[in-house]
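First comes the structure, then the notes that go with it.
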Amino acid sequence: MRLSRYFLPILKEAPKEAEIVSHRLMLRAGMMRQQNAGIYSWLPLGLKVLKKIEAIVREEQDRSGAVEILMPSIQPADLWRESGRYDAYGKEMLRIVDRHEREMLYGPTAEEVVTDIFRTYVRSYRDLPLNLYNIQWKFRDEVRPRFGVMRGREFLMKDAYSFDVDQAGALRAYHKMFVAYLRTYKRLGLTAIPMRADTGPIGGKLSHEFIILASTGESAVFCDKDLLDLPVPGEDVDFDGDLSPVVDMFTSRYAATDEMHDEAAFAALPEDRRVSARGIEVGHIFSFGTKYSEPMGAKVAMADGSEQPVIMGSYGIGVSRLIGAIIEASHDDAGIIWPESVAPFGAGVISLRPDDAAVTAACEDAYAKLAAAGKDPLYDDTAARPGAKFASMDLIGLPWQIIIGPKGLADGVVELKRRATGDKELVSLESAIARVTEKA
RNA sequence: CGGGGCAUAGCGCAGUCUGGUAGCGCACCUGCUUUGGGAGCAGGGGGUCGCAAGUUCGAAUCUUGCUGCCCCGACCA
C-alpha cells in the first residue's frame, strides 16, 4: 500500500478521553474512532489487525476440530425465556422491540441460539461430539465502558459451544479448547495464564479465565511464576489424543483471579515464585453441563434408545479486546510494537526524498519485491519530512522499516530498522529485502 | 448504580470568576525556501462556544433543565 493513497489518520495528540496506553495509541495510530461510549468504527489500520487476529483465532479453532457457523447479532427474546435468562441477564442486555412489537435483543452471547440450532438438527449420540463456533459482534450494555476496546459495549467475540453425550466427552471438549486457546495466544505473541475462575451468570462449575499480565489489567491476579515459562503445544499437537497432560501441567500450578484467590495456598509457594499482578482477561471457558440443554430440550438418543440432554460447554475469546491487550503488552514511548503475526503491514518503506529520482527508484524496487514476497509493505511515498515519517512509522509499529534516502544511496546502502529493538543497520537494498523476507 | 469531572475549529487548549459578539498551538489550503528524527517565512479557510429555555440593551461567560463524554468504585469477553 502506498501511504499517499491510503487512509491513515494519524494524530499527533491523543484525544483526552483516552486514558490507558493501548487506547491512546489506537486512536493516535488512526486504528479506530469512537462513535459512542464503548462503540467504535474501525479504520483501515485497525481493521487489518482485527482481521489478522480473527484469522489466527479461526485457524486454531478449526485445528482443534471446531466447526464455524455464523449466528445473528439480533436474537428473539423468546429463546432467552426458554433458558430463563431473559429476566436473569438484567440491564446489560440491550433489548429491542421491532415494528410488530416483537421483543428482540442484541446478543451478548449465543448459548440459546446455538442450542436451538443443535436441537433442531441433532438427534443421535452418533453425531457427537460436536463443537460449533462463530466470530460475531456482541453487545453488552456495560454500565461503564472504558479503556477503549478493552471494555467496549460492542465487541467482536469468538464463541464456541461444545456438545457431548457424557462428562468424559465434555471434559475432552474442554481440554481441546484449553489447548487451542494456549496456542492462539502464543501465536499472538502473548503469554496467557489459565486461571481458575468464577462462572458468573453463564453457570456451571468448571471454568478458566485466560489472563495476560499487564499493569493496566482490570483485576488482581495471583499465580506461580513457573506458569510464565511453560511450553505451549506446537501445531502438531494431536487434538484427538489425550490432552490432559498439557492441561494438568498448566492447572496443577497455583493461578487464581481475585475472587477465587486462596491466600493460604498462594503463601505455600516459595516466595520467589509468587507473582501478584494485574491481569487482562482475554478468554474464558466454561463447562456447564445441561444448564441450557435441559430447559431447551436439546436431547439426543443414546445407544440404549433412551434420550438424554447433551452436556455443553462454552468458550469465548474477546477478539477486539485482544488488540488492546497486545498493545498493552507490546509498546514503547514511540508507539506500538506489533508481533509479526498480527502486524497490519509486514514492513514499512520510507522514502526520505520522494522528489529524488534515484531514491524513488530504489523505493519502488523495494516496494515491489516486498509485495511479491507477500510481506504486504506500507510505502511512505508522501512529501512529509523525514522526522514526521519516522515518528509515524514508529507509532504504527510495523516490525521492519527500510529507510531510503539520497545520502545512503550514494554509498550504496539503505537503513534497515527493527522496530522492536530499535536496532538500525546500514546495508545494501538487496540484503535489507532479504532480511525482511527471510523466514523467521 | 454511587461519587467526581469535562463539553469552545479535526486534535490539544485559553477565554467563563468580573457579560460587550471568540483566540492560541498543531492539523488543513496557497506560495517560496527547506528536507536523515514531528521545518521556516508569508498569506488563507474553517466555530449556531453540546442542546433548550430564561435573565439582560447585550450571554461562550449568569440561572434552570436536558444531553453527551471521561475518571474513581461495585459488576463483566
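Note on naming: letters A, B, ... go to the chains in the order of the sequence lines (proteins, then strands), and numbering restarts at 1 for each one. Note that the structure is predicted; figures quoted are calculated from it, not measured.
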List the atom of Ile433(A), the atom of Lys369(A), and the distance in Å for their closest heavy-atom pair.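 It is CD1-CD, 3.9 Å.
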Expressed in angstrom and rounded to an integer, what is the separation of [X] atom [atom1] from [N] atom [atom2]?
X	N	atom1	atom2	answer
Ile20(A)	C70(B)	CD1	P	12 Å
Glu92(A)	C1(B)	CD	P	13 Å
Glu154(A)	A77(B)	CD	P	18 Å
Glu218(A)	A74(B)	CD	C1'	12 Å
Glu142(A)	C69(B)	CD	P	14 Å
Glu209(A)	C75(B)	CD	C1'	13 Å
Met195(A)	A77(B)	CE	C1'	16 Å
Arg144(A)	G73(B)	CZ	P	7 Å

Identity of whatever pairs with [N] - Watson-Crick or G-U, under 3.5 angstrom:
N	value
C75(B)	none
G20(B)	C57(B)
U30(B)	A42(B)
A52(B)	U64(B)
A14(B)	none
G47(B)	none
A9(B)	none

On a whole-Å scale, what distance lies between the [atom1] atoms belonging to [N] and [M]?
N	M	atom1	value
C13(B)	G47(B)	C1'	15 Å
G65(B)	A74(B)	P	31 Å
G50(B)	U16(B)	P	15 Å
U55(B)	U64(B)	P	15 Å
C49(B)	A9(B)	C1'	10 Å
G12(B)	A7(B)	P	11 Å
G10(B)	G46(B)	C1'	10 Å

When we call it a touch if two heavy atoms are under 4.0 Å apart, what does [X] touch: a base, just sugar-phosphate, or nothing?
X	answer
Gly422(A)	nothing
Lys16(A)	sugar-phosphate
Lys138(A)	nothing

Checking side chain to side chain contact (heavy atoms under 4.5 Å, CB included) between Leu322(A) and each of Ile280(A), Ile56(A), Ile53(A), Val342(A), which is the one that passes?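 Option passing the side chain to side chain contact (heavy atoms under 4.5 Å, CB included) with Leu322(A): Ile53(A).
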Does Gln34(A) have a side-chain nitrogen or oxygen under 4.0 Å from the phosphate oxygens OP1 or OP2 of C70(B)?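 Checking Gln34(A) against C70(B): at least one side-chain N or O falls below 4.0 Å of OP1 or OP2.
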State whether Asn36(A) places a side-chain N or O below 4.0 Å from either non-bridging phosphate oxygen (OP1 or OP2) of C69(B).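 Affirmative; the distance criterion is met.
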What about [X] and [Y], are their ring centers closer than 6.0 Å?
X	Y	result
His208(A)	Phe210(A)	no
Tyr6(A)	Phe345(A)	yes
Trp137(A)	Phe155(A)	no
Phe147(A)	His23(A)	no

Among residues 325-333 of chain A, which contact RNA chain B at a heavy-atom distance under 4.0 Å?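 Close to the strand, none.
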Presence of salt bridge, Arg187(A) and Glu59(A), under 4.0 angstrom: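 Looking at Arg187(A) together with Glu59(A), the answer is yes, because their closest N to O distance falls below 4.0 Å.
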Check ring pair (Phe, Tyr, Trp, His ring centres under 6.0 Å) between Phe239(A) and all other residues, then give those that pass, not counting sequence neighbours.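 Phe239(A) satisfies ring pair (Phe, Tyr, Trp, His ring centres under 6.0 Å) with no other residue.
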Which class fits the ring pair His261(A) and Tyr254(A): parallel under 30°, tilted 30 to 60°, perpendicular over 60°?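 Correct class here is perpendicular.
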Contact pattern, 5' to 3', of nucleotides 24-40 of chain B - B, S or - by protein heavy atom under 4.0 Å: -BS-------BBBBBB-
Listed partners of Arg95(A) passing side-chain hydrogen bond (donor to acceptor under 3.5 Å, both in side chains), at least two apart: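 Arg95(A) satisfies side-chain hydrogen bond (donor to acceptor under 3.5 Å, both in side chains) with no residue once adjacent residues are dropped.
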Output all residues satisfying salt bridge (charged side-chain N to carboxylate O under 4.0 Å, His left out) with Arg81(A), sequence neighbours left out; order by chain, then residue number.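 Scan of Arg81(A) (salt bridge (charged side-chain N to carboxylate O under 4.0 Å, His left out), adjacent residues dropped) gives Asp78(A), Glu103(A).
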How would you list, by chain and number, every residue that makes a salt bridge (charged side-chain N to carboxylate O under 4.0 Å, His left out) with Asp380(A), sequence neighbours excluded?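 For Asp380(A) the salt bridge (charged side-chain N to carboxylate O under 4.0 Å, His left out) partners, ignoring immediate neighbours, are Lys389(A).
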By nearest heavy atom, map Arg33(A) and Met157(A) onto RNA chain B; which one lands nearer the 5' end?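 Result: Arg33(A).
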From C-beta outward on Ala37(A), which listed nucleotide comes closest to its side chain: C69(B), A77(B), G73(B)?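 Out of C69(B), A77(B), G73(B), the nucleotide with an atom closest to Ala37(A)'s side chain is C69(B).
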